[in-house]
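Throughout, a chain's letter reflects where its sequence line sits, starting with A, and its residues are numbered from 1.
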Number of protein chains: 2
Amino acid sequence: MRLAELSEVSGTSPASIKFYLRAGLLQPGTPINPTRADYTEEHVRRLRLIRGLRSTVGMGLEDIRRILDASTGVEDSAPRRLALLATVQSVVLRLDGAAAASAAGDALVRAMAWPDEDSEARSAVDHHLAVMDAAGVGVRPDVLEAYGRAADTIAGAQLAATELQDTVEDFILTAAVGMHLHNQLVLKVVALAQASHSIRRYGAAGPPDATGPGRP
Amino acid sequence: MRLAELSEVSGTSPASIKFYLRAGLLQPGTPINPTRADYTEEHVRRLRLIRGLRSTVGMGLEDIRRILDASTGVEDSAPRRLALLATVQSVVLRLDGAAAASAAGDALVRAMAWPDEDSEARSAVDHHLAVMDAAGVGVRPDVLEAYGRAADTIAGAQLAATELQDTVEDFILTAAVGMHLHNQLVLKVVALAQASHSIRRYGAAGPPDATGPGRP
DNA sequence: GCCCCGAGGATAGTTGTACTATCCGATGTT
DNA sequence: AACATCGGATAGTACAACTATCCTCGGGGC
């Protein structure tokens, strides 16, 4: 298919597609002749993934490239997808440094009966708990355990959902969108809890209409 | 104090301070004469709040302005702080539209024995649950309840922590940073749970070293 | 009284990200 | 053969958050 067609089926402007090509997010189509190139279904899936990660998850192009790079040029097997999931996580979480295992993290892993391995995610949790502690935002064990329980269920559901995807692209998108949406959900549930606690303590708070939200 | 002093105590460049002044995030200092202006402790606190929301929470200047606007020119009372908390939430959560109450949200509120009021946070949760459902990311009641339990504890701790703050600026920063850090924590716990589930199903996954993270 | 250094305000420039518009030569179509 | 079109390259735009430069004026040392 030509670039124009690719543009139509994906709802992306030809200019944007060219931009992604220049950025190396999309492989160039196989050139038929100096003025015509052929794009495949793979390009369509790729492009859909890029747009999904951009608009739904709000990911930057550099992050998208890292994920795309990790998913390119390899056969699509179960172990490969696991590695991919780890990459997606490390990009979403901006993992880079490691941290010493913490007692709290240890307690969490034991309480949830998770196989205690030395994953990046594990050290990310440990590191973050240390950061929160340093910021004076303590995390009580029961809170951590509640998160753990929720996360445990989500992880099962997410893995099941991702297993249903038959293309790598859908696999990645499902994983990333799932993480993103759950993240947003927690924010909102916490906000609701705070609002409810506030009411208990002080009675109903008037909406902040004076200078609050609601402007364009 | 002069602008240069304000710059020093806050660790912000004079140019940036001038920029914030132009943007209306900081009130102008009281002009002593056409070439000298006086800044107060209030300016210091404001500036610290701005920098904290920018660097720690990663908030945009427009969002910061909304919060600042809501906290300006009013006496600092308990009910006022509640309204402020609601504003901070609505900015952090990008609340704007409302949604019909959902059965799942109802169940959550009842399970947690939260005073079921018609807050923005409540409709945000309901709306988001609808969005997740539409995206094919179901949220099981037990997951929602686990989030609820964690959120309940956090809300108590956060409210207690914010009550300790004696300036409005610290109040806001504590609230915003708390929400932000908890949000990050959940992401990481979910990632850890996913990693653990993956291991259970497929055995240890090799780290995605091939094209994975670790680059600058 | 005079000079000059620094303060503060205004204006314009920079960086980074994500596109978007224009130009151009080749080429398939009529 | 005329001509619209395709795809690649280059340059421009929009927005955010700063940053650098200029300009003028006033207070303090001499």
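Between B:Ala191 and A:Leu93, the closest heavy-atom pair is CB-CD1, 3.5 Å. Among all heavy-atom pairs drawn from B:Ala193 and A:Ala151, the shortest one is CB-O, 3.5 Å. Contact detail for A:Leu26 and A:Leu21: the closest heavy-atom pair is O-CD2, 3.5 Å.
Between the side chains of A:Tyr20 and A:Arg51, a donor-acceptor pair is found at a separation under 3.5 Å. Using modelled atom types and a 3.5 Å distance limit, the side chains of B:Arg46 and B:Thr72 yield a donor-acceptor pair.
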Protein-proximity profile, nucleotides 25-30 of chain C, B/S/- by nucleotide at the 4.0 Å heavy-atom cutoff, equals BBSS--

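Contact annotation: the side chain of B:Ile67 never approaches that of B:Asp63 to less than 4.5 Å [non-hydrogen atoms, C-beta and beyond]. Between A:Val44 and A:Ser10, the closest side-chain pair of non-hydrogen atoms is not below 4.5 Å.
Below 30°, between 30° and 60°, or above 60°: for A:Tyr147 and B:His182 the angle between ring planes is between 30° and 60°, a tilted geometry.
B:Tyr20 has its OH atom 17 Å from the P atom of C:dG9, to the nearest Å. Here the P atom of nucleotide D:dA16 and the CG atom of B:Asp63 are 11 Å apart, to the nearest Å. When rounded to the nearest whole Å, the span between CZ of B:Arg65 and P of D:dA16 equals 10 Å. Atom CE of B:Met1 and atom P of C:dG8 are 12 Å apart (whole Å). The separation between A:Glu5 atom CD and D:dG7 atom C1' is 14 Å, rounded to whole Å. Atom P of nucleotide C:dG16 and atom CZ of A:Phe19 are separated by 15 Å, given to the nearest angstrom. At whole-Å resolution of the value, CD1 in B:Ile32 and P in C:dG9 are 11 Å apart. The distance from atom CZ of A:Arg2 to atom P of D:dG8 is 13 Å, rounded to the nearest whole Å.
In B:Glu8, the CD atom is not crowded: 12 or fewer heavy atoms of neighbouring residues, nucleotides or ligands sit closer than 6.0 Å. Within 6.0 Å of atom CZ in B:Arg45, more than 12 heavy atoms from other residues, nucleotides or ligands are found, so the atom counts as buried in its surroundings.
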In sequence, state the C-alpha distance, the side-chain angles, and the governing distance for A:Gln194 and B:Gln89, and then conclude on side chain to side chain donor-acceptor pair (under 3.5 Å). CA-CA 9 Å; A:Gln194 278 184 347; B:Gln89 285 182 357; 2.8 Å; yes

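For B:Leu21, counting side-chain heavy atoms from C-beta on, the closest listed nucleotide (D:dC6, C:dC19, C:dG9) is C:dG9.
The phosphate of D:dC18 (OP1 or OP2) has a side-chain N or O of B:Arg54 nearer than 4.0 angstrom. Neither OP1 nor OP2 of D:dG7 sits under 4.0 Å from any side-chain N or O of A:Tyr39.
If you check residues 8-18 of chain A against DNA chain D, the residues with a heavy atom closer than 4.0 Å are A:Lys18, listed by number.
Among the protein residues, B:Arg22 comes within range of the nucleic acid bases, having at least one heavy atom under 4.0 Å from a base atom. At a threshold of 4.0 angstrom between heavy atoms, the contacts of B:Ala4 are confined to the sugar-phosphate backbone, with no base atom among them. Within 4.0 Å (heavy atoms only), A:Gly60 reaches sugar-phosphate atoms of the nucleic acid but no base atom.
B:Arg80 and B:Asp76 are not joined by a salt bridge, as no carboxylate oxygen comes within less than 4.0 angstrom of a charged side-chain nitrogen.
Summary for the helix from C:dG1-D:dC30 to C:dT30-D:dA1: the axes at its two ends, each from 5 pairs, differ by 30° when rounded to the nearest 10 degrees.
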